[in-house]
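Below is the structure I would like to discuss, written out as structure tokens.
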Amino acid sequence: PPLSLSKLAAFMKGKEEKLAVIVGTITDDVRLFEVPKLRVCALRFTKDARARITKAGGECLTFDMLALERPTGKNCVLLRGPKSHREAVKHFGPAPGVPGSTTKPYVRSKGRKFERARGRRKSRGFKV
């Protein structure tokens, strides 16, 4: 999952000499006013996030650059984005169709014929 610059800065507080490693995307966060000097390795960086990190005197690395620089992985901090933001989590909870449920159903398609029949919507006769 993606990780914002503000979360990255919070996780790396007190670990400025270490290198942050994220298997995901680093995104910009406008709520963070001052970006600290960070060395970050990630799969992807958004354009604005990369610009803000380099402007602060930091460095954006790719995984092949990391392998050459630190083959043992010493002084690296492994980080990850929030697990609760995965697509699969949207399908967890009380069954879809149960009153008060916001659980996303597993549906083949989002067309006219799928999950739109009687018993599913108020406008089609009745809603369970």
Side-chain angles (χ1 to χ4, degrees):
L3 191 71
S4 69
L5 259 179
S6 59
K7 284 280 188 196
L8 176 66
F11 284 140
M12 294 303 289
K13 200 177 184 92
K15 306 182 192 108
E16 282 78 15
E17 73 285 344
K18 296 190 179 202
L19 194 146
V21 181
I22 298 99
V23 183
T25 310
I26 299 294
T27 56
D28 186 27
D29 194 347
V30 292
R31 298 171 295 183
L32 183 70
F33 295 120
E34 290 176 25
V35 179
K37 184 180 174 183
L38 294 168
R39 298 195 69 217
V40 188
C41 170
L43 285 177
R44 274 174 243 87
F45 294 88
T46 60
K47 186 179 64 193
D48 294 337
R50 188 185 294 273
R52 287 186 73 185
I53 290 169
T54 50
K55 188 182 176 198
E59 197 178 351
C60 299
L61 302 170
T62 56
F63 277 91
D64 54 338
M65 293 159 79
L66 175 73
L68 292 171
E69 189 180 312
R70 302 202 181 167
T72 59
K74 202 170 196 158
N75 282 334
C76 291
V77 180
L78 280 173
L79 300 171
R80 68 175 179 203
K83 280 174 69 179
S84 62
H85 288 54
R86 296 183 311 141
E87 168 62 28
V89 176
K90 294 178 182 177
H91 299 282
F92 301 162
V98 169
S101 167
T102 56
T103 309
K104 188 177 182 180
Y106 289 105
V107 185
R108 201 169 25 141
S109 225
K110 242 182 109 79
R112 169 185 62 83
K113 298 183 283 192
F114 306 95
E115 302 271 332
R116 304 267 196 271
R118 292 176 71 241
R120 288 290 185 181
R121 303 182 60 78
K122 270 265 171 58
S123 61
R124 302 286 184 275
F126 71 98
K127 168 97 172 78
V128 175

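Here, residue 1 is the first one in the sequence, and each next residue gets the next number.
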Query raised in the report: Where do Leu79 and Ala20 come nearest, in terms of heavy atoms and distance?
Result: CD1-CB, 4.1 Å
Query raised in the report: So, for Pro94 and Ser101, which heavy atoms are closest and what is the spacing to 0.1 Å?
Result: O-OG, 3.1 Å
Query raised in the report: Under 3.5 Å, is there a donor-acceptor pair between the Asp48 and Thr46 side chains?
Result: no
Query - NE2 on His91 to OG1 on Thr103, rounded to 0.5 Å - result: 10.0 Å
Query raised in the report: Got more than 12 heavy atoms from elsewhere within 6.0 Å of NZ, Lys15?
Result: yes
Requested in this report: Would you name the heavy atoms of Leu3 and Gly81 that are closest together and state the gap between them?
Outcome: CD1-CA, 3.9 Å
Report summary line: Rounded to the nearest 0.5 Å, the CZ atom of Arg39 sits from the NZ atom of Lys18 at a distance of 14.0 Å
Query raised in the report: Do Ile22 and Met12 sit in the same hydrophobic cluster, where Ile, Leu, Val, Met, Phe, Trp and Tyr count as joined when their side-chain heavy atoms come under 4.5 Å apart?
Result: yes
Query - Cys76 vs Leu66 side-chain heavy atoms within contact, under 4.5 Å - result: yes
Query raised in the report: Just how far is it from atom CD of Glu59 to atom CE of Met65, taken to the nearest 0.5 Å?
Result: 6.0 Å
Query raised in the report: Does some side-chain heavy atom of Lys55 sit less than 4.5 Å from a side-chain heavy atom of Val35?
Result: no
Query raised in the report: Just by modelled atom types, is the Arg124 backbone N or O under 3.5 Å from a matching donor or acceptor in the Arg116 side chain?
Result: no
Report task. Could you tell me which non-hydrogen atom of Gly24 sits nearest to which non-hydrogen atom of Ala42, and how far apart they are? Result -> O-CB, 3.6 Å
Query raised in the report: Is the backbone N or O of Asn75 less than 3.5 Å from a side-chain atom of Arg70, with the two atoms forming a donor-acceptor pair by type?
Result: yes
Query - Test item: Leu19 and Glu69 side chains (from C-beta on) under 4.5 Å apart, heavy atoms - result: yes
Requested in this report: Mark yes when over 12 heavy atoms from residues, nucleotides or ligands other than Glu34 sit less than 6.0 Å from its CD; otherwise mark no.
Outcome: no
Requested in this report: Spell out, as yes or no, whether a donor-acceptor pair under 3.5 Å connects the side chain of Ser6 to the backbone of Leu32.
Outcome: no
Query raised in the report: Would you say Thr25's side chain and Thr27's backbone share a donor-acceptor pair under 3.5 angstrom?
Result: no
Query raised in the report: Is the shortest heavy-atom distance from the side chain of Val77 to the side chain of Phe11 under 4.5 Å?
Result: no
Query raised in the report: Should Ile26 and Leu61 be regarded as members of a common hydrophobic cluster, given that ILVMFWY residues are connected when their side-chain heavy atoms come within less than 4.5 Å of each other, either directly or indirectly?
Result: no
Query - Minimal non-hydrogen separation, Gly97 against Lys127, with atom names - result: O-NZ, 3.8 Å
Query raised in the report: How close do Pro71 and Leu68 get, heavy atom to heavy atom, and via which atoms?
Result: CD-O, 3.9 Å
Report task. For Leu43, check side chain to side chain contact (heavy atoms under 4.5 Å, CB included) against everything at least two apart and list the hits. Result -> Val23, Phe63
